[in-house]
Amino acid sequence: MATLIKISEIAQYEGQEVTVRGWLYHRTDKGRLQFLQVRDGTGIVQCVAFKKELPAEQFEIARKLTQESSVVISGTVRADKRAPGVPGKFEIGISQLELLQMAEEYPIQPKEHGVEFLMDHRHLWVRSLRQWAILRIRATIIRTIRNWLDEHGYLLVDTPILTPAAGENTTTLFEIDYFGTPAYLAQTGQLYNEANMGAFGKVYCFGPTFRAEKSKTRRHLMEFWMVEPEMAFYDLEMLMDEEEQFVSAIVQTVLAQHRQELEILERDITRLENVKPPFARITYDEAVERLNALAAETDDPERKAELAITWGDDFGAPHETALAEMFDKPVFVYHYPTAAKAFYMQPVEGRPEVCRSVDLLAPEGYGEITGGSERIYDPDLLRQRIDEIGINPENYAWYLDLRRYGSVPHAGFGLGVERTVAWVCGLPHIRETIPYARMLNRLYP
RNA sequence: UCCUCAGUAGCUCAAUCGGCAGAGCAUCCGGCUGUUAACCGGAGGGUUGUAGGUUCGAGUCCUACCUGAGGAGCCA
């Protein structure tokens, strides 16, 4: 009886009789010889059917197999440099072929397709090699996030998805009917994180978050995954130290475990190998100066207008890209204008127009992948900021409570998983970084 | 929401000045014992996004709408 194997481990079975189960990825018809590329989720292996070596009815099945038909194949593993596949270089000489289902005409061909067509067929597109590589890297990034935080003294404490009020501002929330009262899908777990921080010291939440922004860009989704660590007794510098260790660990783990997938994606890994602490740190003031200096050097008036920035404005996509291009790895930009950031961020002492906030900009135009800050821990100042912003303090009574019972300096940040995956994989658009992207005008499949 | 571009066979695209709607892939049939998105021969496959208009004649020009893409704003 043949051994049932995973295709990823085929090299261990050279010369042995094995069985693989899976789907036909591709077939080349050479008459009395059929090359079947079979995938099982772990890899792709070429299986070779010779007319002479198979019962007539089984060879006839091989000759007729359609793309994505499900099969069980047994045969002998042999090394062959010509054999394509993942990992490749080994193939199976078929001795037995069992058909589970002959697939109907499969819509996705091994060729170029349009974006709309592929997104309409996302439930099938995830079977394609590029998507296989991307989603495996995504899984590793998520696993590394959890492992790293768990190993560095953080406790996972889940925060709710159904929430009574806005985390940041009310214009970007999905509203739902909660038995007659309005509720919202969470856009952040941060406020709850701060409560949990008071209980456990270092905590994180990790899950989907929702923004109803009508954004139509390569880096926005309506539903995206975010990990948000929150740490008691951390200041901004400690926060940056922690973030650069964390982000470097993510990138280096993918490099160590997914050379094969990065190769499939044709990712230039030299830029990733460089992602190790320390990262450059510049203030918002310096960033504005650098951008305006760059704008001054530029002759193209369009480019000049794109780069020029007035102090106080938040960065747009061209600003972030231009800033990131000045460095060979991610760069921290800190001390943003208070007015441009969330109400709970700690003002800089003696200079309240800027706050103790920091964004991390990824290289190669991937933009902001983390955003964080020291939080205001003085109850009066927090109450004052809430009044200034004009939001209803009643909704934040429990949050203000946190400052009444042993308030401590603390800080935290959020990292967007999809943007990180897009950057690590070198993808032009975020839509391929999540299995089923929720975008403006797309809720299917 | 704004700007730009696009919509033709299942898919990717072509169609000159407004004049017979075509190719490759996929599918089906036939050939081939080393293919790498094989190759060779044959066949079927069309409400040109929708509605209206101009014209002897519209895939092509005009108007409105729908859908999508790229960019902007907002953000992770």
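So you know, we letter chains A, B, ... as the sequences are listed, proteins then strands, and number each from 1. These numbers come from a predicted model, not from an experiment.
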Has Phe35(A) got its ring stacked on the base of G34(B), with centres under 5.5 Å and planes less than 30° apart?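 Stacking between Phe35(A) and G34(B): absent.
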Tell me which nucleotide among [options] gets nearest to the side chain of [X].
X         : options                : answer
Asp80(A)  : G34(B), A76(B), C11(B) : G34(B)
Asp29(A)  : A76(B), U35(B), C32(B) : C32(B)
Arg419(A) : A76(B), A69(B), C11(B) : A76(B)
Val48(A)  : C25(B), G34(B), A76(B) : G34(B)
Leu33(A)  : U33(B), C74(B), G30(B) : U33(B)
Arg32(A)  : G24(B), A76(B), C32(B) : C32(B)

For [X], report the nucleic acid contact type (base, sugar-phosphate, nothing); a contact means any heavy atom under 4.0 Å.
X         : answer
Thr370(A) : sugar-phosphate
Pro107(A) : nothing
Gly367(A) : nothing
Glu116(A) : sugar-phosphate
Gly114(A) : sugar-phosphate

Tell me the interatomic distance from [X], atom [atom1], to [N], atom [atom2], rounded to whole angstroms.
X         : N      : atom1 : atom2 : value
Gln37(A)  : A37(B) : CD    : C1'   : 10 Å
Met439(A) : U67(B) : CE    : P     : 15 Å
Gln34(A)  : G34(B) : CD    : P     : 13 Å
Tyr106(A) : G10(B) : OH    : P     : 19 Å
Met222(A) : C74(B) : CE    : P     : 15 Å
Met345(A) : C75(B) : CE    : C1'   : 12 Å
Leu124(A) : A26(B) : CG    : P     : 18 Å
Lys216(A) : G70(B) : NZ    : C1'   : 6 Å

Pairing partner of G70(B) (Watson-Crick or G-U wobble, both distances under 3.5 Å):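 Base partner found: C3(B).
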Given that both distances must come in under 3.5 Å, which nucleotide forms a Watson-Crick or G-U wobble pair with U47(B)? none
Any chance you could measure Tyr13(A), atom OH, to Ile7(A), atom CD1, to the nearest 0.5 Å?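 Nearest 0.5 Å value for the OH-CD1 distance: 12.5 Å.
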Rounding to the closest angstrom, what is the interatomic distance between [N] and [M] at atom [atom1]?
N      : M      : atom1 : result
G45(B) : A23(B) : P     : 13 Å
A51(B) : G7(B)  : C1'   : 16 Å
U55(B) : C13(B) : P     : 35 Å

Check whether the side chain of [X] and the base of [N] form a donor-acceptor pair under 3.5 Å.
X         : N      : result
Lys51(A)  : U33(B) : no
Ser215(A) : C74(B) : yes
Gln46(A)  : U35(B) : yes
His220(A) : C75(B) : yes
Arg219(A) : C74(B) : no
Lys214(A) : G73(B) : no

Between Phe117(A) and Glu105(A), which is nearer to the 5' end of RNA chain B once each is assigned its nearest nucleotide? Phe117(A)
Pick the nucleotide of RNA chain B nearest each of Arg78(A) and Met119(A); which residue has the one closer to the 5' end?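 Its nearest nucleotide lies further toward 5', so the answer is Arg78(A).
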Just by distance, no angles: are the side chains of Tyr204(A) and Asp150(A) close enough, under 3.5 Å, to form a donor-acceptor pair? yes
Given [N], is OP1 or OP2 found less than 4.0 Å from the side-chain N or O atoms of [X]?
X         : N      : result
Asn441(A) : G68(B) : yes
Lys341(A) : A76(B) : no
Arg431(A) : G70(B) : yes

Taking NZ, NE, NH1 and NH2 as the nitrogens, is one of them in [X] or [Y] under 4.0 Å from a carboxylate oxygen of the other?
X         : Y         : value
Arg32(A)  : Glu53(A)  : no
Glu286(A) : Arg290(A) : yes
Arg419(A) : Glu320(A) : no

Are the side chains of Gln34(A) and Phe59(A) in contact, using a 4.5 Å heavy-atom criterion? yes
Atom of Ser70(A), atom of Leu99(A) and distance for their closest heavy-atom approach: O-CD1, 3.7 Å
